[in-house]
Amino acid sequence: MSSLALYNTMTREISSFVPLKPGQASLYLCGATVQGSPHIGHIRSGLNFDILRRWLEKSGLEVTFIRNVTDIDDKILQKAAIEQIPWWALAAKYEREFSQSYAALNVAPPTYEPRATGHITQMVELMTLLIDKGLAYAPGNADVYMEVSKLDSYLSLSHQRVEDLQSAGDGAGSYKRSPHDFALWKGAKAGEPAWSTPWGSGRPGWHLECSAMIHTYLGEAFDIHGGGLDLIFPHHENEIAQSQGVGWPFANIWMHNAWVTAAGEKMGKSLGNSLQVKALLKKVRGIELRWYLGGAHYRSMMEFSQVALDDAVTSFRRIENFLNRSVEILGHQLVPTLSPDFVDAMNNDLAVPVVLAQISENMRIGNIAIAADDRGKIESSANEIRGALEVLGCDPFDPAFAKDGADLSPALDGVIGIALAQRQAARDRKDFAVSDEIRDGLADLGIAIEDTSQGPRWSFSPTEKW
RNA sequence: GGUGGAGUGGCCGAGAGGCGAGGCUCAGGACUGCAAAUCCUGCCACACGGGUUCAAAUCCCGUCUCCACCUCCA
């Protein structure tokens, strides 16, 4: 039996995961700055860490998972001005969109989801500690800066040297003692939202927020800190500087997810809105989008393409179809089961692509078992597939993916049954024109008919989406 | 300039010294009244040039191309 090993950006190797507190795991993921609609790149990050969280829980650990919301930021202020609504209204609007997107993809809500603006007090306390230790300074204009040269170590995560960094571009007139110093607190300009501090009124810098919230919810030391690759520098380096500066051990393991790219480039506003979650959900179901986004290894770049998404949808529907048939044949719901191979794959730094191969192989075995009417093998294959899908968050029987509204299946089943009886009568008298007419008519309504050795069965057919 | 990542079959996407992951597509076959579904078979790939080795997609050296970060970023 293997045990979980994860890649740590700090050490740049895969090493065994040993929780700080036996039986527990504490995770912090840098969440969204709610200044726009979520695109699939944002959601991939939440999704990758949702799979990690599910696996930790499945492994028997009690998980505390924090994902924050950055609800105050330069861009939020800019966009609020453009949309002519208060900054907090803009933040709330997009926070809700993020929540809806996470929910549509079955990304479970974190244990706690703190907003930056709710933790100003803790941020001021942290700044006070840093100033008292001589690591930060307030130049008198209501800004507060971290003095990078006073730190024992800096840039240990990105393995860079301060002198190799390109200049920050802070020209003359800056209040910074060094261009590499970073803002803990930004003094307010006229008309901007502000909170008062001993050094003047202003708002928090992005890095300070995470350090303060982590300390509030997870304490001085915790197991895993996650985020996108681009956060390594400066964001995570600066979190380390702030938190370790006051003596907190901070994160034990650093994990970073890779991008979703489009046209070979990092996703950005210039690519338009087509890759927003809400746009894609008009074309594919949430579970299908999740299957696609979650299928690549979290540390691999993903090049988005419609063809690849369509492929993923096709393969997922085959699996779904197999599970549905298995339930029909067995006459009872499947019991999610973990195979030893699956456990080994997940323990190896979440080797999801290997799991996908296992699912395919298991499905082949299961389909052969259906043809041979071997109920034992059908059940073991289907149970293991459902067990794997559950951890991946793609269990088709998960109520999270249930359709809204009344369940019409029994009525539909009856109505379609009548049509199928008519068709069978036509087939019995070899009147294939009529039988095909019935089948085609149902197909036009999105109902696919298959003739199996156990008789005809119906299902909702894939429709052309693009 | 500094720090990292990547180049795998028609497409997507794993692996990381030796038995050609898997998916999608396509072609052929079995089954079928015909379809669909399913199964079987085929399409034997690792940017380029050297090297190490009995053996290299995997290790080493060099080259080319692409991407990311370097104070807005998932």
Side-chain angles (χ1 to χ4, degrees), chain A residues 9 12 29-33 35 38-49 70 73-75 78 148 155 157-170 176 179-183 205-207 226-235 237-238 256-261 264-269 292 295-297 299-305 307-316 318-319 321-322 325 345 351-361 363-364 366-368 370-372 427 430-433 435-436 439-440 443 448-453 456-457 459 461:
Chain A
T9 307
R12 298 195 178 158
L29 172 64
C30 287
T33 298
Q35 49 96 4
H39 58 61
I40 53 176
H42 294 122
I43 287 301
R44 185 187 181 194
S45 181
L47 173 48
N48 285 152
F49 285 94
T70 296
D73 156 271
D74 288 344
K75 274 202 171 171
Q78 288 167 17
V148 167
L155 309 185
L157 184 62
S158 57
H159 299 254
Q160 298 178 98
R161 297 185 304 172
V162 175
E163 52 270 33
D164 287 336
L165 295 180
Q166 289 181 351
S167 172
D170 295 80
K176 289 183 181 181
H180 298 303
D181 292 349
F182 61 89
W206 177 37
H207 317 303
L229 265 181
D230 57 338
L231 299 188
I232 293 173
F233 182 88
H235 187 52
E237 293 287 12
N238 292 349
H256 293 94
N257 64 277
W259 306 114
V260 181
T261 58
E265 291 178 8
K266 181 176 172 177
M267 220 168 265
K269 292 299 287 179
Y292 170 64
H297 188 88
R299 286 192 283 118
S300 295
M301 294 286 181
M302 266 190 104
E303 169 74 10
F304 176 84
S305 78
V307 172
L309 177 55
D310 285 342
D311 288 354
V313 169
T314 302
S315 71
F316 183 74
R318 275 190 67 205
I319 296 165
N321 191 40
F322 167 71
R325 282 198 70 181
V352 173
V354 172
V355 170
L356 266 43
Q358 291 169 359
I359 289 172
S360 294
E361 175 61 16
M363 183 166 69
R364 194 178 63 82
N367 273 320
I368 291 170
I370 287 176
R427 294 179 75 202
K430 306 241 185 280
D431 188 348
F432 296 120
S435 76
D436 287 351
R439 184 173 61 195
D440 292 346
I449 303 303
E450 297 165 36
D451 293 317
T452 73
S453 54
R457 68 183 291 268
S459 60
S461 63

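Letters A, B, ... are given to chains in the order of the sequence lines, protein chains preceding strands, and every chain is numbered from 1.
Judged by distance alone, the side chain of A:Asn238 and the main-chain N or O of A:His207 form no donor-acceptor pair under 3.5 Å.
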So which protein nitrogen or oxygen atoms get under 3.5 Å of nucleotides 36-43 of chain B's nitrogens or oxygens?
| residue | atom | partner | partner atom | Å |
| --- | --- | --- | --- | --- |
| B:A36 | N1 | A:Asp451 | O | 3.1 |
| B:U38 | OP1 | A:Arg318 | NE | 2.9 |
| B:U38 | O3' | A:Asn367 | ND2 | 3.2 |
| B:C39 | OP1 | A:Asn367 | ND2 | 3.4 |
| B:C39 | OP2 | A:Arg318 | NH2 | 3.4 |
| B:C40 | OP1 | A:Arg364 | NH1 | 2.4 |

Review item, nucleotides 16-19 of chain B N/O atoms under 3.5 Å of protein N/O:
none

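Proximity note for A:Phe182 (side chain, C-beta onward) versus B:U71, B:A74, B:A14: the nearest is B:U71. Relative to the side chain of A:Lys75, the nucleotides B:C72, B:A14, B:C24 differ in distance, and B:C72 lies closest.
For A:Thr314, there are no side chain to side chain contact (heavy atoms under 4.5 Å, CB included) partners two or more places apart in sequence or in a different chain. In this view, A:Gln358 satisfies the side chain to side chain donor-acceptor pair (under 3.5 Å) rule with no residue, not counting sequence neighbours. Qualifying side chain to side chain contact (heavy atoms under 4.5 Å, CB included) partners for A:Arg299, counting only residues two or more places apart in sequence or in other chains: A:Tyr7, A:Ile14, A:His297, A:Asp349. Taking the side chain to side chain donor-acceptor pair (under 3.5 Å) definition, one finds that A:Thr33 meets it with nothing, sequence neighbours left out. Every side chain to side chain contact (heavy atoms under 4.5 Å, CB included) that A:Asp74 has, sequence neighbours left out, goes to A:Gln78, A:Lys186, A:Arg203. Judged as a side chain to side chain contact (heavy atoms under 4.5 Å, CB included), and not counting sequence neighbours, the contacts of A:Ser315 are A:Trp291. In this structure, A:Asp311 has no side chain to side chain donor-acceptor pair (under 3.5 Å) partners at least two apart in sequence or on a different chain. Listed by chain and residue number, nothing satisfies the salt bridge (Lys or Arg N to Asp or Glu O under 4.0 Å) test with A:Arg318 (two or more places apart in sequence, or in another chain). Contacts of A:Phe49 classified as ring-ring contact (aromatic ring centres under 6.0 Å, His included), with partners at least two apart in sequence or in another chain: none.
When the C1' atom is used for both B:A68 and B:U58, the distance is 24 Å, rounded to whole Å. For B:C69 and B:C24, the P atoms lie 34 Å apart once the distance is rounded to whole Å. Separating the P atom of B:A56 from that of B:C19 is a span of 10 Å, rounded to the nearest Å. B:C43 and B:G50 have their C1' atoms separated by 32 Å, with the value rounded to a whole Å.
In this structure, A:Tyr292 places its OH atom 8 Å from C1' of B:C12, rounding to the nearest Å. Put simply, CZ on A:Arg12 is 10 Å from C1' on B:G5, counting in whole angstrom units. As a whole-Å value, the separation of A:His256 NE2 from B:C67 P is 23 Å.
An aromatic stacking contact between A:Trp259 and the base of B:A68 is absent, as defined here by ring centres under 5.5 Å apart and ring planes under 30° from parallel.
The phosphate of B:U3 (OP1 or OP2) has no side-chain N or O of A:Arg161 nearer than 4.0 angstrom.
No donor-acceptor contact under 3.5 Å links the side chain of A:Asp311 to the base of B:G13.
Electrostatic pairing of A:Asp451 and A:Arg427 counts as a salt bridge here, judged by a charged N lying under 4.0 Å from a carboxylate O.
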Worksheet item: According to the Watson-Crick and G-U wobble definition with distances under 3.5 Å, which dot-bracket string, read 5' to 3', encodes RNA chain B, using [ ] for crossing pairs and | for pairs with another strand?
Response: (((((((..(((.....[...))).(((((.......)))))....(((((..]....))))))))))))....
